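Below: one structure, written as structure tokens.
If you're wondering where the values come from, they're calculated on a predicted model, not measured in any experiment. For the numbers below, each heavy atom of this structure counts, side chains included, while hydrogens, waters and symmetry mates do not.
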Amino acid sequence: MDVPLISIVVCTYNGERFLAEQIQSLINQTYPNLEIVISDDHSTDRTRSILSKYEKDRRFTIVYNEKNLGFTKNFELASLLAKGNFIAFSDQDDIWQPMKIDRLYNAISNYSLVYSNSILIDDNGKSLNKKLSDFRKMKNFIDDSRGFAFHNVVSGHTMMIKKDLLQYALPVPANFYHDWWFAIQASNVNGIIYLDETLTLYRQHTDTVTKTIVDKITGSRKRTIRYQDYIRDLKWLQLFKENRIEKHRLFYNRLHELYLIKNEGRFVWPLFFFLLKNQKIIFLFFKKNLLSKLIEIRKMARGELKNSEFKLRLKSPFKQLIF
């Protein structure tokens, strides 16, 4: 029986340590009609030497960037080179189960995106006895992106998309994660299906590009960091507002409007109650009780000021409550 071509896209950069093992796991896939597209972002280690061994293999398309483009632009370049009807995204340091593409292809049906679970491993490939689903609720998403307003549960290394999603997802907005953006767009097109199977050995080490949800932030953030995060969130919500295919634009218009008030440096009660009303959506992925949600909502509704403005406020005889 004929099966469609599926492209596996790999972006490499100084990945000599684990790359050969990962490529072998891609070659070992049981799905019979694959191409492997690799775009190397001007590596300075032995990555190019490793890749050169596959240049004459007809299953591979390998390009070498003359200068470093950065991960997002390199990812876009590699994605556009894919010829398959479906595209799966691979990190350079994981290990795929042999049936991964087979299982994703059989699950995607009419959805725009399918994603799966992963087992976490250490540098040496030893299981950490944790799965992604141990930290977040993994769900299907149909016609609703609101759960992605502040959090993401769809990791790039777990997903496969239909190629036509690229027309809605590229270019990836500057300074934002590609997998998060793809999930938002997929939820607005034909939806996302979750396959509850562990199909990837997801390596955790000091060189990982994107830290996983295993890493937890402890303590309070410094005021300057908080303000930077606030500005990032504002830009993120602006993207939702302006997204031409967004189906819940009124929700994001109101959320963005209330977030703007935080810049006045005072606690935003209307934002607090809006978040409370929508807490099931805002914390859709989280395994939190109501008290934990209330604590988080209080933090999200507090005012934010630049450090210089905060110091001026402290000197004022008319001090206002900021938190």
Side-chain angles (χ1 to χ4, degrees), residues 91 94 97 100 103-104 107 111 113-122 126-160 176-184 186-188 191-205 208-221 225-226 229-230 232-233 236-237 240 248 251-252 255 259 271-302:
D91 290 343
D94 299 331
Q97 304 284 19
K100 178 174 179 175
R103 300 298 298 134
L104 293 177
Y111 296 94
L113 184 155
V114 59
Y115 73 112
S116 58
N117 209 344
S118 299
I119 297 174
L120 278 59
I121 61 173
D122 64 14
K126 182 180 179 181
S127 174
L128 297 175
N129 297 315
K130 295 290 184 180
K131 298 185 292 186
L132 292 182
S133 58
D134 292 333
F135 303 92
R136 295 287 186 266
K137 295 178 181 178
M138 320 286 266
K139 295 177 173 288
N140 302 336
F141 304 94
I142 313 297
D143 295 330
D144 197 341
S145 70
R146 291 176 295 173
F148 295 102
F150 298 104
H151 310 284
N152 182 35
V153 75
V154 181
S155 298
H157 74 276
T158 70
M159 71 167 64
M160 185 170 77
F176 292 106
Y177 295 115
H178 72 282
D179 49 6
W180 198 341
W181 182 246
F182 270 54
I184 291 164
S187 65
N188 278 300
I192 298 171
I193 186 74
Y194 170 59
L195 176 62
D196 189 16
E197 297 182 20
T198 50
L199 301 177
T200 308
L201 308 185
Y202 186 29
R203 200 181 303 268
Q204 307 298 292
H205 57 88
T208 302
V209 174
T210 56
K211 288 295 183 182
T212 72
I213 52 181
V214 177
D215 296 320
K216 297 182 179 180
I217 298 175
T218 57
S220 299
R221 294 169 296 163
I225 300 300
R226 270 180 41 194
D229 291 345
Y230 164 64
R232 180 203 61 202
D233 289 343
W236 185 236
L237 294 175
F240 279 95
H248 291 275
F251 172 88
Y252 290 112
L255 186 55
Y259 247 70
L271 175 59
F272 177 88
F273 289 116
F274 181 85
L275 295 172
L276 183 62
K277 178 182 177 181
N278 294 284
Q279 51 92 9
K280 289 185 178 180
I281 296 171
I282 297 295
F283 300 108
L284 187 62
F285 312 144
F286 282 77
K287 299 180 178 180
K288 289 178 177 284
N289 57 35
L290 181 57
L291 178 60
S292 296
K293 292 178 181 178
L294 284 171
I295 293 172
E296 189 65 24
I297 288 171
R298 181 190 65 81
K299 292 179 180 179
M300 294 171 72
R302 62 191 173 187

Spatial distance of atom [atom1] ([X]) from atom [atom2] ([Y]) [nearest 0.5 Å]:
{"X": "Ile121", "Y": "Asn129", "atom1": "CD1", "atom2": "CG", "answer": "12.0 Å"}
{"X": "Arg298", "Y": "Leu276", "atom1": "CZ", "atom2": "CG", "answer": "14.0 Å"}
{"X": "Leu199", "Y": "Ser118", "atom1": "CG", "atom2": "OG", "answer": "7.5 Å"}
{"X": "Leu290", "Y": "Ile297", "atom1": "CG", "atom2": "CD1", "answer": "8.0 Å"}
{"X": "Ile281", "Y": "Asp144", "atom1": "CD1", "atom2": "CG", "answer": "6.0 Å"}
{"X": "Leu275", "Y": "Leu294", "atom1": "CG", "atom2": "CG", "answer": "11.0 Å"}

Tyr230, Tyr259, Tyr252, Phe286 screened by ring pair (Phe, Tyr, Trp, His ring centres under 6.0 Å) with Phe150, the one that passes: Tyr259

Does [X] reach the main-chain N or O of [Y] with its side chain, forming a donor-acceptor pair under 3.5 Å?
{"X": "Asn188", "Y": "Ile184", "result": "yes"}
{"X": "Asn117", "Y": "Asp196", "result": "no"}
{"X": "Tyr111", "Y": "Ser187", "result": "no"}

Ignoring hydrogens, what is the shortest heavy-atom contact between [X] and [Y]? Give both atom names and the distance.
{"X": "Leu113", "Y": "Ala186", "answer": "CB-CB, 3.7 Å"}
{"X": "Val114", "Y": "Ala107", "answer": "CG2-CB, 4.0 Å"}
{"X": "Ala149", "Y": "Leu255", "answer": "CB-CD2, 4.5 Å"}
{"X": "Tyr194", "Y": "Lys139", "answer": "CB-O, 3.5 Å"}
{"X": "Val153", "Y": "Met138", "answer": "CG2-SD, 3.4 Å"}
{"X": "Met159", "Y": "Val154", "answer": "CE-CG1, 3.7 Å"}

Apply ring pair (Phe, Tyr, Trp, His ring centres under 6.0 Å) to [X] and list each qualifying residue two or more places apart in sequence or on a separate chain.
{"X": "Trp236", "answer": "Phe176, Trp180, Phe240"}
{"X": "His157", "answer": "Tyr202"}
{"X": "Phe251", "answer": "Phe274"}

Across all chains, not counting sequence neighbours, the salt bridge (charged side-chain N to carboxylate O under 4.0 Å, His left out) partners of Asp143 are Lys247

Test salt bridge (charged side-chain N to carboxylate O under 4.0 Å, His left out) applied to Asp134 - qualifying residues, sequence neighbours left out: none

Partner of Leu132 under side chain to side chain contact (heavy atoms under 4.5 Å, CB included), picked from Ile119, Leu120, Thr200, is Leu120

With a 6.0 Å cut-off on the ring centroids, do Phe182 and Tyr115 count as close? no

With a 6.0 Å cut-off on the ring centroids, do Phe285 and Phe141 count as close? yes

Any side-chain donor-acceptor pair under 3.5 Å between Ser116 and Lys100? no

side-chain hydrogen bond (donor to acceptor under 3.5 Å, both in side chains): pairs with one or both residues in residues 274-287, sequence neighbours excluded: Gln279-Lys293

Is the closest basic N to carboxylate O distance between Arg226 and Asp229 below 4.0 Å? no

Let me see the working for Leu128 and Asp122 under side-chain contact (heavy atoms from CB on, under 4.5 Å), right down to the final yes or no. CA-CA 7 Å; Leu128 297 175; Asp122 64 14; 4.0 Å; yes

Quick one, Ile282 with Met300, criterion side-chain contact (heavy atoms from CB on, under 4.5 Å). Give me CA distance, side-chain angles, the key distance, then yes/no. CA-CA 11 Å; Ile282 297 295; Met300 294 171 72; 4.3 Å; yes

